[in-house]
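Here the structure comes first, spelled out in structure tokens, and everything after it is commentary.
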There are 2 protein chains.
Amino acid sequence: MTSVSTEPRDTDGPSPATAPTGGSAAQRERRRRILDATITLAAEGGFDAVQMRAVAEKAEVALGTLYRYFPSKIHLLVSALAREFTKDVDRSAIRATPGDTAHERIMYVLNRRTRALQKQPKLTEALVRAFMFADQSVTGEIHEVGTSLTTVIARAMHGTPDHGEVTEEEAAIIRIISDVWLSALISWVTGRMDAEDVEKSIDVAVRLLLR
Amino acid sequence: MTSVSTEPRDTDGPSPATAPTGGSAAQRERRRRILDATITLAAEGGFDAVQMRAVAEKAEVALGTLYRYFPSKIHLLVSALAREFTKDVDRSAIRATPGDTAHERIMYVLNRRTRALQKQPKLTEALVRAFMFADQSVTGEIHEVGTSLTTVIARAMHGTPDHGEVTEEEAAIIRIISDVWLSALISWVTGRMDAEDVEKSIDVAVRLLLR
DNA sequence: CCCGAGAGTGAAACACGTTCCTACGTGAGT
DNA sequence: ACTCACGTAGGAACGTGTTTCACTCTCGGG
């Protein structure tokens, strides 16, 4: 794979991919079909199975069109990840997180999410790989994912759906927890940790950080 | 890029790559030339510049030979990373780490290493990318890198070149620090953090963990 | 000295991400 | 209804990681 070019193509206007909500109805529909196809293929066969020709075919768009919407495979996968992740966050906003302490609540949300990911190992492998391989040109999508995760953890920390102010220190703690979670996920995806290890390593991190 | 096959090829015996020290003198020499070429190309042009044909040519071996030594580009780069990393660890064993507190000593070694990496951004990009993209078949090389890093941090924590026993909790803390460092490096490599952010985020993590 | 096996060579072929080009269709403005 | 711009279809072509294959070289045992 070659790295994604750092600058966007300037041969035409902003690509539809940069604005998930813009464009005509037909364009939003195409975008949805493409992301659906991506998720399906990734869930079946992981990163390698998400082949651009296969995605295009399954989504019933031309290869050129796929590239107009998403400038690279990495963009495509990270966008898919962002969409799924954001969905989850929206769902989690509905009700307060169970648990009596910040520790319990954080573990609850992270474990729930971890288990959801582990139920679809191939999909997770594809998404984590893409996330890891992303370069500067994917900053936007990555930031979206990061923000989602931060929001979820902040909510869990405070135990309320609408997290108010987050202190400097809390933000730092959340970042570290995110880092540990990501590292653990990588280790799991690459077969260097099992599911139990992932939960345990996050538990230890949260315990050490929240004391 | 396609993922590395999960199982090793069983058409012949163990490849020379698995045993950096084994083989004939000529084989060790070839291996060295290959890794040198890899480092040179990576330092000049990053991940994309490490092209298997180019490595083979610069190392003066045939492409098939290169693949006999390293079954994929990822193995090649991670092996190169492991070699460089191990070198550093050996150097750091020579003398005690300066600093009055564990915090200071840990920051000293990590910052020193961080700055060394930042002096060769292309090389670091190539190595970190490979590390992130590695799958199960590279477990051995990755473990080598992880062990090196753990050793260095453990030494710094205790302030002595020969770190004695490491408690359960210390090991957990070291793992978390490694995770944060890796995350920060990824963010730096992908342009989402600058050099200062990297040091700061590690500093915060060490402070929160060692209190 | 000769042999056979394993290692190395060199080149072709294949797979998949990415780019590019040409023709087609469709919808907004006239 | 006409037309022009633009997005899309369809597919060829290119680059690079990876595989394969037929050949050659080297070297240790007879």
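Below, read A as the first sequence line, B as the second, and so on, with proteins coming before strands; counting in each chain starts at 1. Note that the structure is a prediction, hence the values are computed from the model and not measured.
Here the C1' atom of nucleotide D:dG7 and the CD1 atom of A:Ile34 are 13 Å apart, to the nearest Å. Per the geometry, NZ belonging to A:Lys73 stands 18 Å off P belonging to D:dT16, to the nearest Å. Between the P atom of D:dT18 and the CZ atom of B:Phe133 lies a distance of 10 Å, rounded to the nearest Å. Between B:Phe70 atom CZ and D:dT18 atom C1' the separation is 16 Å, expressed in whole Å. The interatomic distance linking A:Glu60 (CD) with D:dG10 (C1') rounds to 15 Å, in whole Å. Between A:Arg68 atom CZ and D:dT8 atom P the separation is 6 Å, expressed in whole Å. Atom pair B:Leu63:CG and C:dA11:P shows a separation of 11 Å (rounding to whole Å applied). Whole-Å rounding puts the A:Leu41 CG to C:dG17 P distance at 11 Å.
Within the nucleic acid shown, B:Val55 has no heavy atom closer than 4.0 Å to any nucleic acid atom. B:Glu57 comes within 4.0 angstrom of nothing in the nucleic acid, heavy atoms only.
Each of B:Arg30 and A:Gln51 was assigned the nucleotide of DNA chain C with the nearest heavy atom; the assignment lying further toward the 5' end belongs to B:Arg30. Residue order along DNA chain C, read from the 5' end via each residue's closest nucleotide, puts B:Leu66 first among B:Leu66 and A:Met52.
Judged by the 6.0 Å distance and 45° axis criteria, A:Arg129 is positioned over the aromatic ring of B:Phe133. Note that B:Arg113 lies in the cation-pi zone of B:Phe85, set by a 6.0 Å cut-off to the ring centre and a 45° limit from the axis. With a 6.0 Å cutoff to the six-membered ring centre and a 45° limit on the axis angle, A:Lys73 counts as a cation-pi contact of A:Phe47.
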>> Wobble G-U and Watson-Crick pairs count when both distances are under 3.5 Å; given that, what is the 5' to 3' dot-bracket string of DNA chain D, with | for pairing to other strands?
In response: ||||||||||||||||||||||||||||||
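Put simply, B:Tyr69 has a side-chain N or O that comes within less than 4.0 Å of OP1 or OP2 on C:dG8.
Taking the side chain of A:Gln27 as heavy atoms from C-beta on, and the options D:dT18, C:dT19, D:dT8, the nearest nucleotide is D:dT8.
Side chain A:Arg53 to base C:dG17: a donor-acceptor pair is found below 3.5 Å.
Side-chain atoms of A:Thr114 and A:Trp181 include a donor-acceptor pair closer than 3.5 Å.
Here B:Glu199 pairs with B:Arg115 in a salt bridge; the nearest charged N to carboxylate O distance falls below 4.0 Å. Using a 4.0 Å cut-off between a side-chain N of Lys or Arg and a carboxylate O of Asp or Glu, A:Glu84 and A:Lys87 qualify as a salt bridge. Remark: A:Asp36 engages A:Arg32 in a salt bridge, criterion side-chain N to carboxylate O under 4.0 Å.
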